[in-house]
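The next block holds one structure in the form of structure tokens; read it before the comments.
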Amino acid sequence: MKIKSYLSIAGAALMLAACQGASEKGGKSLADIPNATAADSLIYYFGQMRGAEYQREAERDTTLDTDQAKKAYVQGVQAGLNAAKANDEAYNRGLFLGMQMAMNMQQFKDEYDVQLNKKVFVESLSDAISADSVQDAREMQKEFYRIMGSFNEQKEKRDKEAADAALTQEAAKLKLAKISEVLYGEVTAKNDSAKIKTGDNVVMEIKLSNAGGKEIEAPLPSRGKVGARNIMAPLNDALTALKTGETGKFVTSAQALFGQRCQQLGMKPADAVVFTMKASVAPSDEAKDNTRKVTELKVK
């Protein structure tokens, strides 16, 4: 249990060891460490791996890719290691929870615009620890999720309002016509084929970018049934605006396309998402069977 609880702390400690002594302009190479032992090399390469992870994350989040951010990150790692106490498991467990809660509270403030009270948390924690009996966890969870539900409803409402406003502004900038409440667009490559409709099985080619033209990598379906739940609303709306084989240019919001998952993809709910789509109705099983029979007849 102890090892499992401190895996994250151990990771931070190892990276700190690799980063200590680093200058503002950069760290040291392994060759610059005098009389490096095997343990020094082990820790050094672990630090390099964790540094590479940071670099990859900074490619997605440019706020991390500044000298100031990198310096602050290393200082935070150093502070975490220096705060731990040797041979004091209870203190270190509390330290770990405190660090987690500090980050969670900041994230809560950013996402919900609500400032959680650190003093209330510590007082409630102390009360629970000193109580004569353990309280009913189910009742506490019930109340916790009830309140969280109301915060989520308020957040979703704010996100939608901001996303709708930003989408309208970006659509006007791109001079795209309104197709639905969550989509604006135009057909850029037209033809005289049949209109795509709800219920059709389709094959899609989709390319996403942000308002600045930078490509967005995100999991999207490449085929499916129009109107199905696994195809996001903006994509369904785009499909029914096309004929089979046509291509269109569209704009929607990250909130409409990805919901709360947009933050996992490095986007804010109000960010505009521009995409091109080419879609074709896939042959039905009956049509495929008929084609196969005709082919077989020709072969005979």
Side-chain angles (χ1 to χ4, degrees), residues 60 111 145 148-149 152-153 155-168 170-171 174 176-211 214-293:
R60 298 189 297 270
E111 292 187 9
Y145 287 115
M148 274 302 304
N152 278 318
E153 289 178 2
K155 181 181 185 301
E156 289 176 4
K157 182 180 178 181
R158 290 194 304 270
D159 288 347
K160 186 177 185 308
E161 290 174 350
D164 289 347
L167 175 57
T168 301
E170 187 63 25
L174 296 174
L176 297 177
K178 185 174 183 179
I179 295 174
S180 71
E181 292 299 321
V182 294
L183 185 72
Y184 292 74
E186 64 178 359
V187 180
T188 57
K190 301 180 180 181
N191 61 41
D192 296 326
S193 58
K195 190 83 171 178
I196 297 175
K197 60 185 184 301
T198 300
D200 284 341
N201 289 307
V202 294
V203 178
M204 300 168 279
E205 297 177 14
I206 307 170
K207 293 183 179 180
L208 303 178
S209 65
N210 61 21
K214 183 178 180 180
E215 185 176 346
I216 297 172
E217 294 184 7
L220 291 174
S222 59
R223 58 178 60 239
K225 180 178 289 188
V226 182
R229 292 181 62 183
N230 66 321
I231 299 181
M232 302 82 150
L235 300 185
N236 271 311
D237 294 338
L239 286 167
T240 55
L242 298 172
K243 295 177 182 178
T244 186
E246 286 187 335
T247 301
K249 178 180 179 179
F250 305 94
V251 63
T252 186
S253 67
Q255 194 271 343
L257 189 58
F258 298 113
Q260 297 305 314
R261 291 190 304 136
C262 65
Q263 295 177 332
Q264 300 172 10
L265 298 170
M267 291 179 282
K268 297 178 181 178
D271 286 346
V273 179
V274 181
F275 66 94
T276 58
M277 172 191 282
K278 182 178 181 180
S280 299
V281 176
S284 64
D285 291 338
E286 182 180 355
K288 289 180 181 178
D289 188 53
N290 290 337
T291 301
R292 179 181 59 80
K293 289 178 180 179

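Just so you know, these numbers come straight off a predicted model, no measurement behind them. Along the sequence shown, the residues carry numbers beginning at 1.
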Is the shortest side-chain heavy-atom distance between [X] and [Y] below 4.5 Å?
X	Y	answer
E205	S280	no
V273	P234	no
F275	L183	yes

Can you see which heavy atom on [X] is nearest to which on [Y], and at what distance?
X	Y	result
E170	A272	CG-CB, 3.6 Å
G245	K278	O-CE, 3.7 Å
G185	F250	CA-CD2, 3.7 Å
A241	K195	O-NZ, 3.5 Å
V274	V251	CG2-CG2, 4.0 Å
G199	K225	O-CG, 3.5 Å

Worksheet item: I231 and M204: side-chain contact (heavy atoms from CB on, under 4.5 Å), yes or no, with the steps?
Response: CA-CA 11 Å; I231 299 181; M204 300 168 279; 4.2 Å; yes
Worksheet item: Please walk me through it: do D159 and Q260 pass side-chain contact (heavy atoms from CB on, under 4.5 Å)?
Response: CA-CA 9 Å; D159 288 347; Q260 297 305 314; 3.9 Å; yes
Please report the interatomic distance [atom1]([X]) to [atom2]([Y]), rounded to the nearest 0.5 Å.
X	Y	atom1	atom2	value
T198	L239	OG1	CG	9.5 Å
S253	K160	OG	NZ	8.5 Å
L257	C262	CG	SG	9.5 Å
L220	L208	CG	CG	5.0 Å
L265	I216	CG	CD1	8.5 Å
K207	E217	NZ	CD	13.0 Å

Practice prompt. Sequence neighbours left out, what passes side-chain hydrogen bond (donor to acceptor under 3.5 Å, both in side chains) with E181? Give chain and number order.
Written response: K178
Is it true that a side-chain atom of [X] and a backbone atom of [Y] form a donor plus acceptor pair closer than 3.5 Å?
X	Y	value
N236	V226	no
T252	V182	yes
D164	E161	no
T244	A194	no
E246	N191	yes

Practice prompt. Can you establish whether the number of heavy atoms outside R223 located under 6.0 Å from its atom CZ is more than 12?
Written response: no
Worksheet item: Does CG belonging to N230 count more than 12 external heavy atoms closer than 6.0 Å?
Response: yes
